[in-house]
Amino acid sequence: MAANVDTRSSYLLFIPLLLIALIVDIVRLPEFIAPFRPDFPALLLIFFAVYDPRRIGIVLAWCCGLLVDLLMGAPLGQNALCIALQIYLIMTQFKRFGLFAKWQQMIVILIINMLGHVLGYWISHIAGNVNYNDNLFYPSIITALLWPAVFYAGIFMCKAMNIAPDLPKEN
């Protein structure tokens, strides 16, 4: 018989971190740093989708994307679709993502985040917001470079707060 371990839900950490990520996402940055802004909500959702996929998934990613749309004034559903696509790809195409080496994870995040940015650019163009942006891929590069720091900080916070993923129970 296994010892009864008292653990908390990952929502206890996810919700405050999501609020912080949304605030950081809307803060005005100086012009020379603004093109390099990483995608913090996507990074946070990718971490929790890998750490606790039974609780944090595509539907929650869609809802978080809608919050980003409302805060940024983007067409409703643009960021929701982009973030949900990223989480969908991580959860379905890279089932063993957590077992990859960190540099491999960074490459996967770089490619998937670039796909999300290109999709967002297309949707923005179709909606009539034609703003040519030659710095389209810089945020994806910075997001991928920040992945190890976000991953290790997330693991540290989860262990410090005694948050365990919702694993299936063995009989």
Side-chain angles (χ1 to χ4, degrees), residues 13-51 53 56-94 97-98 100-158:
L13 183 61
F14 175 74
I15 293 172
L17 287 179
L18 177 65
L19 293 175
I20 292 170
L22 291 174
I23 289 170
V24 169
D25 215 26
I26 63 171
V27 169
R28 182 176 292 279
L29 293 177
E31 286 187 36
F32 65 94
I33 297 175
F36 302 101
R37 179 191 305 264
D39 198 358
F40 284 114
L43 268 176
L44 180 70
L45 283 160
I46 289 171
F47 171 74
F48 278 101
V50 170
Y51 185 75
I56 312 295
I58 300 166
V59 174
L60 189 61
W62 178 267
C63 294
C64 293
L66 286 177
L67 284 173
V68 172
D69 286 333
L70 291 173
L71 289 173
M72 301 296 269
L76 197 59
Q78 174 182 341
N79 289 312
L81 182 63
C82 296
I83 292 174
L85 172 75
Q86 292 177 41
I87 301 305
Y88 172 77
L89 289 173
I90 290 287
M91 292 181 77
T92 59
Q93 303 303 313
F94 300 98
F97 181 78
F100 291 178
K102 290 296 169 259
W103 66 271
Q104 292 171 327
Q105 291 177 357
M106 289 170 59
I107 291 172
V108 168
I109 289 176
L110 173 71
I111 293 169
I112 288 177
N113 200 273
M114 276 187 188
L115 285 173
H117 281 284
V118 168
L119 178 67
Y121 182 74
W122 285 346
I123 292 171
S124 172
H125 186 74
I126 289 170
N129 300 337
V130 185
N131 293 333
Y132 177 71
N133 187 2
D134 56 348
N135 301 325
L136 186 63
F137 300 117
Y138 292 145
S140 298
I141 294 168
I142 301 299
T143 300
L145 290 174
L146 280 177
W147 170 247
V150 168
F151 178 80
Y152 289 122
I155 292 293
F156 174 77
M157 286 186 277
C158 286

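Enclosure of atom OH in Tyr88 is not indicated, since only 12 or fewer non-hydrogen atoms of other residues, nucleotides or ligands lie within 6.0 angstrom. Residue Tyr152 places its OH atom among 12 or fewer non-hydrogen atoms of other residues, nucleotides or ligands, all under 6.0 Å distant.
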task: Please test Gln86 against Asp39 for side-chain contact (heavy atoms from CB on, under 4.5 Å), starting from the C-alpha separation and ending with a verdict.
output: CA-CA 11 Å; Gln86 292 177 41; Asp39 198 358; 4.1 Å; yes

Test side-chain contact (heavy atoms from CB on, under 4.5 Å) applied to Phe14 and Leu60, step by step: CA-CA 11 Å; Phe14 175 74; Leu60 189 61; 3.5 Å; yes

- prompt: Stepwise, does the side-chain contact (heavy atoms from CB on, under 4.5 Å) test hold for Phe36 with Ile141?
  reply: CA-CA 8 Å; Phe36 302 101; Ile141 294 168; over 6 Å; no

- request: Carefully, step by step, assess Phe48 and Leu13 under the rule side-chain contact (heavy atoms from CB on, under 4.5 Å).
  value: CA-CA 10 Å; Phe48 278 101; Leu13 183 61; 4.0 Å; yes

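With rounding to the nearest 0.5 angstrom, the CD1 atom of Ile109 is 10.5 Å from the CG atom of Leu145. The distance from atom CD1 of Ile155 to atom CZ of Phe151, rounded to the nearest 0.5 Å, is 4.0 Å. Expressed to the nearest 0.5 Å, how far CE of Met157 lies from OH of Tyr51 amounts to 11.5 Å. Between the CD1 atom of Ile58 and the CG atom of Leu45 there is a distance of 11.5 Å, given to the nearest 0.5 Å. In this structure, the separation between CG on Leu146 and CG on Leu43 is 6.5 Å, given to the nearest 0.5 Å. Note that CG of Leu119 and CH2 of Trp122 are 7.5 Å apart. Values are rounded to the nearest 0.5 Å.
Looking at Val118 and Phe137, their side chains come closer than 4.5 Å, going by heavy atoms from C-beta outward.
Scanning both residues, Cys82 and Gly116, for their nearest heavy atoms gives SG-O, 3.2 Å. Closest non-hydrogen pair, Val50 versus Gly98, comes out as CG1-CA, 4.1 Å. Considering all non-hydrogen atoms of both residues, Ile83 and Ala61 come closest at CG2-O, 3.9 Å.
Considering only residues two or more places apart in sequence or on other chains, Phe40 meets the ring pair (Phe, Tyr, Trp, His ring centres under 6.0 Å) condition with none of them. When the side chain to side chain contact (heavy atoms under 4.5 Å, CB included) test is applied to Ala101, the partners found at least two apart in sequence or on another chain are Trp103, Gln104.
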Could you tabulate the donor-acceptor pairs under 3.5 Å formed by side-chain atoms of residues 62-70, not counting sequence neighbours?
from	atom 1	to	atom 2	distance (Å)
Asp69	OD1	Asn79	N	2.8
Asp69	OD1	Asn79	ND2	3.0
Asp69	OD2	Gly77	N	2.7
Asp69	OD2	Gln78	N	3.2
Asp69	OD2	Asn79	N	3.4
Asp69	OD2	Ala80	N	3.4

Extract all donor-acceptor atom pairs below 3.5 Å that involve side chains of residues 18-30 and protein atoms in other chains or at least two apart in sequence.
none

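Sequence neighbours left out, the pairs with a member in residues 138-150 that pass side chain to side chain donor-acceptor pair (under 3.5 Å) are Gln105-Trp147, Asn113-Ser140.
Classified by interplanar angle (parallel below 30°, tilted 30° to 60°, perpendicular above 60°), the ring pair Tyr121/His125 is parallel.
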